[in-house]
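Report on one structure; see the data block that follows.
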2 protein chains.
Amino acid sequence: MRNDGETIELIERLARLVTNEGHAHGMKPAQWEALRFLARANRFSRTPGGLTAYLGLTKGTVSQTLMSLERAGLVEKTANPGDGRSVRLDLTEKGRALLPLDGMATIKQAFEALPLSLRASLGDGVAALVTSALAARSGRAFGICRDCRHFAADARGSGQHYCRLLKQPLEDAEAEQICQEQEAA
Amino acid sequence: MRNDGETIELIERLARLVTNEGHAHGMKPAQWEALRFLARANRFSRTPGGLTAYLGLTKGTVSQTLMSLERAGLVEKTANPGDGRSVRLDLTEKGRALLPLDGMATIKQAFEALPLSLRASLGDGVAALVTSALAARSGRAFGICRDCRHFAADARGSGQHYCRLLKQPLEDAEAEQICQEQEAA
DNA sequence: TCCGATGGTATTGAGTCGATACCATATTGG
DNA sequence: CCAATATGGTATCGACTCAATACCATCGGA
């Protein structure tokens with residue numbers, strides 16, 4: 001049977017496969033990662049600093065990747081009202097159009113072909129690994145807004161929720177996005 | 001609950017964490033991958049071509065990584081007797097001494113902390129993903145020699161096995177190494 | 001109003017990576 | 001036996017990645 005060492009080798013191999021998929025359509029792995037992040041993150045997290053924390057890189061490195069994406073017309077920067085230092089990032093139409101061409105689709109298909117129970121336990125296992133590896137390097141979870149302990153769901157169905165930490169109202173759609181500040185409820 | 005999309009995000013994140021671990025001790029992720037491969041592969045696979053197939057990169061790229069490792073004194077190249085084009089790769093003592101410092105140890109610890117049943121199903125899930133992602137890009141499995149259909153176990157306990165494909169005798173220890181030619185029994 | 005903390009950018013140097021071109025050594029077919 | 005071709009590797013180029021360092025502007029508090 002498979003022992004622990006073999007599973008670790010398979011995880012390394014999977015990581016390499018995921019990285020290799022990142023060369024689809026003339027882009028680079030780091031560029032795809034940035035694109036995917038910007039498609040998933042809420043407005044409080046969609047900044048160079050947010051992406052830096054998500055990827056666990058240095059801010060200089062991330063700044064360069066973002067410049068290359070901006071040059072390519074995939075990402076837009078706008079000044080952040082309320083903090084003159086900070087920058088708001090948004091995908092352009094062109095950037096958004098690229099998302100479905102993501103090479104991760106291959107891996108996603110392989111995953112969806114697995115039996116339901118295996119998908120579930122694979123999810124549990126990967127979640128546990130990510131959580132503890134993240135803890136070891138004091139990284140942030142970037143979980144989903146609605147699962148956060150600062151999230152106050154709207155009780156009256158107006159479609160308006162609230163973040164108790166940032167003291168900001170939240171649209172319905174935003175509750176499903178990932179957030180820099182998220183802490184499990 | 002976690003849906004499929006969230007699990008895919010976690011897999012991307014795990015891949016990034018694994019890559020980031022690859023900067024331990026002033027080395028680069030690709031260099032660690034090469035080192036680990038050379039520690040695990042048998043003599044038939046321990047060549048630039050073998051590493052190229054394992055990583056799914058181009059041979060030029062791998063050639064450069066190997067040159068940097070040779071410059072650093074971690075890898076030795078010797079001519080392959082029997083084929084003047086081919087090169088045999090071996091870890092030096094210095095290269096072997098580096099192995100225990102691998103940053104993957106962090107992930108390995110996290111893995112070993114998981115309950116046994118979760119470890120098993122995580123292994124099954126990752127194995128299934130790797131197998132089908134590999135098939136999609138017609139990559140080789142690089143499984144363990146003893147699990148290969150060309151492997152003939154020694155029946156009389158002399159410690160000598162045999163590869164029916166390469167028509168070569170195999171030491172006991174070699175049966176546990178990974179091989180370019182391996183096909184599941 | 002300083003002063004340190006925070007969010008970003010600029011620059012440098014080593015490494016990664018695909019693409020292309022190239023070389024030497026097999027292997028195959030006539 | 002000897003071309004033609006295939007195979008295993010290396011060399012070079014250009015764009016990108018990444019950490020490290022230095023730097024700048026804005027923010028926040030004492």
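Letters go in sequence order (proteins before strands), and every chain restarts at 1. All figures in this text were calculated on a predicted structure; none of them were measured in a lab. Side-chain atoms are counted along with the backbone in the values below, which use heavy atoms only and exclude waters and symmetry mates.
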Exercise for review: Would you check if there is a donor-acceptor pair between the side chains of B/Thr58 and B/Thr61 at a distance under 3.5 Å?
Suggested key: yes
Review point. Nearest to the side chain of A/Lys59, which nucleotide is it out of C/dG8, D/dT10, C/dA10?
Key: C/dG8
Practice item. Would you mind telling me which of D/dA19, D/dT10, C/dC17 lies closest to the side-chain atoms of A/Arg16? Key: C/dC17
Practice item. Check DNA chain C against residues 71-96 of chain B and give the residues with a non-hydrogen atom under 4.0 Å, in numerical order. Key: B/Arg71, B/Asp83, B/Gly84, B/Arg85
**Study point:** Phosphate contact (C/dT16 OP1 or OP2) by B/Thr65 side-chain N/O below 4.0 Å
**Key:** yes
**Study point:** Charged N-O contact under 4.0 Å between A/Glu174 and A/Arg43
**Key:** yes
Review point. Hey, is the side chain of A/Thr61 pairing donor to acceptor with the base of D/dA19 inside 3.5 Å?
Key: yes
Point to revise | Polar side chain donor-acceptor pair, A/Asp4 to A/Thr7, under 3.5 angstrom | key: no
Study note, to complete from the structure: Note: contacts of residues 19-45 of chain B with DNA chain C (heavy atom, under 4.0 Å) are B/Lys28, B/Ala30, B/Gln31
Check your understanding: So what does B/Thr52 hit on the nucleic acid, given a heavy-atom distance under 4.0 Å: a base, only sugar-phosphate, or nothing?
Key -> nothing
Point to revise | For atom CG of A/Leu57 and atom C1' of D/dC16, their distance in whole Å | key: 13 Å
Check your understanding: Taking atom types as modelled and ignoring hydrogens, do the side chains of A/Asn20 and A/Arg16 form a donor-acceptor contact shorter than 3.5 angstrom?
Key -> yes
Practice item. Please report, rounded to the nearest Å, how far the P atom of D/dA20 is from the CD atom of A/Gln64. Key: 14 Å
Check your understanding: CG of A/Leu55 versus P of C/dG8: gap in Å, rounded?
Key -> 14 Å
Point to revise | A/Arg2 bridged to B/Asp124 by N-O distance under 4.0 Å | key: yes
Point to revise | Nearest-Å distance for atom pair CD/P, residues A/Glu70 and D/dC16 | key: 14 Å
Point to revise | Cation-aromatic face contact A/Arg13/B/Tyr54, 6.0 Å, 45 degrees | key: yes
Practice item. Determine whether the side chains of A/Thr65 and A/Gln31 contain a donor N or O and an acceptor N or O closer than 3.5 Å. Key: no
Check your understanding: D/dG9 phosphate, OP1 or OP2: any side-chain N/O from B/Thr47 under 4.0 angstrom?
Key -> yes
Check your understanding: Which whole-number value in Å describes the distance from A/Arg46 CZ to C/dG7 C1'?
Key -> 17 Å
Review point. Salt bridge check: are A/Glu181 and A/Arg140 linked by an N-O gap of less than 4.0 Å?
Key: yes
Check your understanding: Between B/Phe37 and B/Phe142, how do the two ring planes meet: parallel, tilted or perpendicular, split at 30° and 60°?
Key -> perpendicular
